[in-house]
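Structure first, commentary second.
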Amino acid sequence: MTTDTTTQGTAPATAPGDTVLDARGVTMRFGGLTAVRNVDLHVNSGEIVGLIGPNGAGKTTFFNCLTGLYIPTEGEVRYKGQVLPPKSFKVTAAGIARTFQNIRLFANMTVLENVLVGRHTRTKEGLWSALLRGPGFHKAEAASRARAMELLEFVGLAEKAEHLARNLPYGEQRKLEIARALASEPGLLLLDEPTAGMNPQETRATEELVFAIRDQGIAVLVIEHDMRFIFNLCDRVAVLVQGEKLVEGDSATVQGDERVVAAYLGEPFEDAPGDEEVAEVEAAEAQATPGKENDR
Ligand SMILES: Nc1ncnc2c1ncn2[C@@H]1O[C@H](COP(=O)(O)OP(=O)(O)OP(=O)(O)O)[C@@H](O)[C@H]1O
Ligand SMILES: [Mg+2]
């Protein structure tokens, strides 16, 4: 993959290890319910950070606080050292892009058009230029289309550029959301359950895609319930339970923490069975149920 997805936002450039996202004391109350309570979380340049926790723990609400959809009741969110403005489009322009737990695509637009929509914060052509369709507009539009096609190539959807978004299978709609988010040329990408509804092969491909995004210089913060995906992928994992950060650390630390096991994981996470183990189990099953191989 040769696509250049380096940040073109207005925020200062970062060196590896610099703090990209710095959320401090973020609290979000809805009436009497405190959905997020005093959460600190940072993401460094070059990192993939996971955010996990039971249903209703406040993960999506925390994302909404980071992206200007909600104004936190308390706390502060900085991106590359600057306090974020409490408006979604300004947060996107600053350099944070996201995907949604409930896919939000323009169903009746093509795949390519959906990505082009994601580029609007990065195109300099103003309203009058677009209305008058002068030479500047046509040049900018051609560049935008080329970039959008590059991104579709990157996520593996180039051949479906002219399909309507609503006709894509679920897994591909999630990939399209990622392409659209990348179209704003972010420095930080927030993914809310990117593999929900995917089969194991699609999940594996998404893992590779997230690594490739990180390798292009985009830091990633990802919410997911698929623990194998999270622990394979993330440099660091934070666990939210009932709105509070319970534990934060590398995969081994989080998997081994008794409080996390009790509140969320339930039992120690085990690696995926290898081919040999699968073959052993199948052989044992075939022995236990004579004639099974003829049923296929
Ligand atoms: N706009 C809102 N108004 C009132 N309550 C809300 C609002 N948004 C979220 N909540 C509540 O905040 C809590 C946290 O919800 P949130 O969606 O952030 O959880 P989550 O960790 O993303 O869960 P899941 O894993 O199921 O997606 C829940 O009790 C939810 O009902
Ligand atoms: Mg959620």
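When a ligand or atom number is given, it counts from 1 through the structure's own listing order.
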Going by the closest heavy atom to atom 15 (O) of ligand 1, which one wins out of Leu69, Thr61, Val36, Ile223?
Thr61
Specify the protein heavy atom at minimum distance from atom 1 (N) of ligand 1: its residue, its atom name, and the distance to 0.1 Å.
Tyr70 OH, 3.1 Å
Does the residue Glu193 have a heavy-atom contact with ligand 1, meaning some pair of atoms that are separated by less than 4.0 Å?
yes
If you measure every N or O of Ala57 against every N or O of ligand 1, does any of those distances drop under 3.5 Å?
yes
Distance from atom 17 (O) of ligand 1 to nearest protein heavy atom, with residue and atom
Thr60 CB, 3.9 Å
How far is atom 11 (C) of ligand 1 from its nearest protein heavy atom, and which residue and atom name does that atom have?
Leu33 CD2, 3.6 Å
Contact check: Gln101 to the Mg ion (ligand 2), N/O/S below 2.8 Å
yes
With atom 21 (O) of ligand 1 as the reference point, say which of Glu224, Gln242, His225, Lys59 has the nearest heavy atom.
Lys59
Which residue and atom name correspond to the protein heavy atom nearest atom 12 (O) of ligand 1, and how close is it?
Ala35 CB, 3.3 Å
Which residue and atom name correspond to the protein heavy atom nearest atom 27 (O) of ligand 1, and how close is it?
Gln101 NE2, 2.8 Å
Geometry only, no angles: is Phe30 polar-contacting ligand 1 at N/O separations under 3.5 Å?
no
Asn64 and Thr61 side chains, donor-acceptor separation under 3.5 Å
no
Nearest protein heavy-atom contact for atom 26 (O) of ligand 1: which residue, which atom, what distance?
Asn55 ND2, 2.9 Å
For atom 30 (C) of ligand 1, state whether the nearest protein heavy atom is under 4.0 Å away.
no
Backbone or side chain, does any N or O of Gly56 fall under 3.5 Å from an N or O of ligand 1?
yes
Using heavy atoms and a 4.0 Å limit, tell me yes or no: is Phe62 in contact with ligand 1?
no
I'd like to know: is the Mg ion (ligand 2) within the 2.8 Å range of an N/O/S atom from Thr60, strictly under that distance?
yes
